[in-house]
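Sending over a structure as structure tokens; questions will come in a sec.
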Amino acid sequence: MSATPAPDVNRTSVPDVNRTSVPDDLGPALHARGLRLTPQRRSVLAAVRALGHASAEEVATHLGSRAAEQGGDAGGWRTVDPSTVYRALAVLEEVGLVARTQIDRRVPSFHPVEHGGHLHLVCDGCGAVAEADAGPARELAAVVLSRNDFVVDTRHLALRGRCAACRTVQDQQHPEERP
């Protein structure tokens with residue numbers, strides 16, 4: 001009789017390599033750089049694409065909840081250390097499949113590159129994040145380039161400020177500070 005290993009609470013689950021479809025661009029992007037296509041990289045990219053924008057912790061949580069939904073090891077899921085999620089995200093960023101944006105001041109957020117081309121509007125009051133067209137940022141980037149000979153990457157730009165709701169609350173609490 002073989003013993004079943006105890007679950008490790010510090011690990012996150014990822015799907016078995018044979019039970020998950022491979023995103024079409026992942027294998028070639030990795031192989032072009034001499035890197036292997038692993039089940040962990042495949043799962044992390046799938047999670048980022050499913051979530052849209054996510055921190056490494058959110059990716060790990062998503063993978064863990066998927067494992068629970070699928071029945072753990074019985075559903076074809078295997079476990080991986082959360083540190084592997086970080087390493088997989090770094091590789092996926094290196095090969096150009098995910099992009100990093102500093103939406104939260106403490107931890108970076110990752111999103112699939114095909115979801116780029118927009119600004120992130122981050123409220124310092126409530127933490128809400130909204131997306132906006134990057135057109136005005138591209139116009140600003142052109143001005144910065146012509147005046148400063150500096151190229152601004154507008155694909156991963158987060159602008160901080162206050163949303164309408166937080167400005168309304170602030171105006172009500174401190175009317176003397178209104179512009």
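Throughout, numbering of the chain's residues begins at 1 and tracks the sequence.
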**Item:** Under the side-chain hydrogen bond (donor to acceptor under 3.5 Å, both in side chains) test, residues paired with R36 that sit two or more places apart
**Value:** none

**Request:** Could you state whether L51 and L45 fall into the same hydrophobic cluster, counting links through intermediate Ile, Leu, Val, Met, Phe, Trp or Tyr residues with side-chain heavy atoms under 4.5 angstrom apart?
**Result:** yes

**Item:** Neighbour count >12 (heavy atoms, 6.0 Å) for atom CG, D149
**Value:** no

Could you pull out every donor-acceptor pair under 3.5 Å between side chains of residues 119-139 and any protein atom, sequence neighbours left out?
from : atom 1 : to   : atom 2 : distance (Å)
H120 : ND1    : L157 : O      : 3.4
H120 : NE2    : H53  : NE2    : 2.7
H120 : NE2    : H118 : NE2    : 3.1
D124 : OD1    : R105 : NH2    : 3.3
D124 : OD1    : R160 : NE     : 2.8
D124 : OD1    : R160 : NH2    : 3.0
D124 : OD2    : R105 : NH2    : 3.4
E131 : OE2    : H115 : NE2    : 2.9
E131 : OE2    : H118 : NE2    : 3.4
D133 : OD2    : G135 : N      : 3.1

**Prompt:** Between the side chain of R167 and the main-chain N/O of R162, is any donor-acceptor distance below 3.5 Å?
**Reply:** yes

**Fill in**
In terms of heavy-atom contacts, L37 and G27 come closest through CD2-CA, 4.4 Å

**Request:** Locate the shortest heavy-atom distance separating A88 from V44; write the atom from each residue and the value.
**Result:** CB-CG2, 3.8 Å

**Item:** Non-hydrogen side-chain atoms of L35 and V91 separated by less than 4.5 Å
**Value:** yes

**Request:** Could you pull out the closest heavy-atom pair between A47 and H62, with the gap in Å?
**Result:** CB-CD2, 3.6 Å

**Prompt:** Looking at T61, V107, V85, which hits side-chain contact (heavy atoms from CB on, under 4.5 Å) with S55?
**Reply:** V107

**Prompt:** Do you know which two heavy atoms are closest between E114 and L97, and how far apart they sit?
**Reply:** OE1-O, 4.5 Å

**Asked** Is I103 reachable from V59 through a run of I, L, V, M, F, W or Y residues, each pair having side-chain heavy atoms under 4.5 Å apart?
**Response** no

**Message:** I want to check something: taking the side chain as every heavy atom from C-beta on, are V152 and L140 in contact at a cut-off of under 4.5 Å?
**Reply:** no

**Message:** How close do G52 and H111 get, counting heavy atoms only, and between which atoms?
**Reply:** O-CB, 2.9 Å

**Prompt:** Is the shortest heavy-atom distance from the side chain of L30 to the side chain of T38 under 4.5 Å?
**Reply:** no

**Nearest-0.5 Å distance that lies between atom OH in Y86 and atom CD in E57** = 3.0 Å

**Asked** Do you know which two heavy atoms are closest between V144 and F150, and how far apart they sit?
**Response** CG1-O, 3.7 Å

**Asked** Once you round to the nearest 0.5 Å, how far does CG of L92 lie from CZ of R42?
**Response** 12.0 Å

